[in-house]
Amino acid sequence: MTAQFDINQVYQQFPALQQNCNGQPLVYLDSAATAQKPLVVIETIQQYYSGHNANVHRGSHSLTASATAKFEQARQTVQQFIHAQHSCEIIWTRGATEALNLIAQTYARQTLQPGDEILVSELEHHANIVPWQIVAEQTGANVVKIPMLPDCTLDMDAFHQLLTNKTKIVAIAHITNVTGTRNPIEAITTAAHHYNAVVVVDGAQGIVHEAVDVQKLDADFYVFSGHKLYAPAGIGVLYGKKALLEAMPPWHGGGKMVEKVSFSGTTFSALPGKFEAGTPNVAGSLALATAIEWLESLDRHGAEKHIAQLRQKAIEGISEIDDLRIIGLQEHASIFSFVVDGVHHQDIATLLDQQGIALRAGHHCAHPMLDALGLTGTLRVSLALYNTEQDVERFIAALHKACSLL
Ligand SMILES: *Cc1c(COP(=O)(O)O)cnc(C)c1O
């Protein structure tokens with residue numbers, strides 16, 4: 001039985017939140033850029049380097065054996081967390097970006113023929129656009145945009161019309177980072193599989209706010225970063241269906257990804273080693289597993305309810321501001337974007353920062369989406385389970401003050 005979600009108890013576990021920023025207690029509303037880390041995650045890194053540091057899958061001493069066991073246990077923790085069928089379907093990467101580039105440069109580069117199509121939604125982060133443009137250039141395939149509707153949801157009618165026998169890959173975010181739009185992944189995989197296209201799901205935001213079951217979603221690939229999930233930066237996950245991963249050529253060459261090397265030819269390791277050349281970020285993997293265990297020890301339903309209440313309060317509190325527009329407001333999203341007509345987003349962000357409020361201003365690495373909205377940037381509030389009612393009250397007051405000064 002998990003205890004009921006207790007915000008005070010959770011808040012206390014985040015040392016970075018207990019600091020002042022410009023002379024005021026920090027209000028951190030930028031968790032979609034990167035989340036703060038609970039003490040248990042920080043301690044995992046410290047303990048690893050204090051007592052367990054050794055290279056993995058190499059050597060024969062006890063320290064390396066124990067580090068290897070922990071490293072593989074962490075892989076299983078991720079496997080169970082996303083309900084993958086096999087632990088070898090979990091490939092460690094540096095993050096979502098690296099995972100998407102890996103898929104583009106192995107699966108896509110080997111498979112795509114001139115004239116083939118990669119459908120990419122207009123709501124994507126640059127990390128889920130640019131790797132496809134690069135591989136399209138290399139193979140003669142074309143990147144085709146799936147447009148969004150004015151309410152910042154995906155145009156599913158257009159998607160169905162764009163799907164043809166030329167479609168080989170569909171690249172789509174689970175939850176987007178500008179408006180928190182949730183894309184209907186199951187409907188997308190069902191339709192795409194009808195045309196034998198594979199679906200690459202960018203889960204950088206989705207993993208944080210959904211209980212992910214990759215088998216239920218029927219995602220061919222699902223990627224995410226540790227640092228948005230309360231774990232450190234520099235560690236991330238590529239999930240792929242085993243049959244696909246097995247058929248893919250390796251990407252980086254080096255140690256551990258090979259079975260046997262000679263100058264007459266090299267044979268590659270089995271999964272997951274084939275995609276993990278070089279010494280991995282062992283501390284990062286262990287810390288990601290700790291973050292997952294910590295999340296699972298919480299009442300996640302209670303946490304989501306808590307975030308939903310904060311969001312409601314924030315939106316109500318800022319809606320009265322003259323000329324303030326919330327962009328593509330999505331139900332149940334922990335993220336929302338807004339602009340104040342006639343005032344530059346960066347000016348507001350600066351005035352908020354002076355009052356200790358950290359949020360994101362800019363294009364959020366999603367130029368095509370902002371172009372479609374006719375905007376150069378927005379202010380983005382992203383809530384995490386450690387935010388408090390007081391954070392939201394301070395944000396509302398600070399925004400009222402900023403707007404009255406501009
Ligand atoms: C943050 C983010 C990425 C990129 O993640 P990195 O950790 O920078 O690799 C990709 N997609 C979305 C939706 C994101 O929010």
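These numbers were taken from a predicted model, which means no experiment stands behind them. Read the numbers this way: they start at 1 and go in the same order the structure lists the ligands and their atoms. These numbers come from the heavy atoms of this one structure, side chains and all, not from hydrogens, waters or symmetry mates.
- Residue A204 has at least one heavy-atom neighbour below 4.0 Å for each of these atoms of ligand 1: 2 (C), 3 (C), 10 (C), 11 (N), 12 (C), 14 (C), 15 (O).
- Atoms of ligand 1 found under 4.0 Å from any heavy atom of T97 (numbered from 1 in listed order, with element): 4 (C), 5 (O), 6 (P), 8 (O), 9 (O).
- Using a 30° and 60° split on the angle between ring planes, H126 and H367 fall in the tilted class, from 30° to 60°.
- Under the 4.0 Å criterion applied to side-chain N and carboxylate O atoms, K166 and D116 are not assigned as salt-bridge partners.
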message = Please evaluate residues D391 and K313 with respect to the criterion salt bridge (Lys or Arg N to Asp or Glu O under 4.0 Å), reporting the C-alpha separation (whole Å), side-chain torsions for both, the decisive distance (0.1 Å), and the verdict.
response = CA-CA 11 Å; D391 287 344; K313 189 181 174 82; over 6 Å; no

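- A heavy-atom separation below 4.0 Å is found between D202 and ligand 1.
- Residue contact check: S225 has heavy atoms under 4.0 Å from atoms 5 (O), 6 (P), 7 (O), 9 (O) of ligand 1.
- Each of the following atoms of ligand 1 lies closer than 4.0 Å to a heavy atom of H227: 6 (P), 7 (O).
- Checked against E210 for a salt bridge (charged side-chain N to carboxylate O under 4.0 Å, His left out), the options R300, R182, K216 give a single hit: R182.
- Using a 4.0 Å cut-off between heavy atoms, K228 contacts ligand 1 through its side chain alone, with no backbone atom that close.
- Interatomic distance, NE2 of H57 versus CD of E276, reported as 7.5 Å (0.5 Å rounding).
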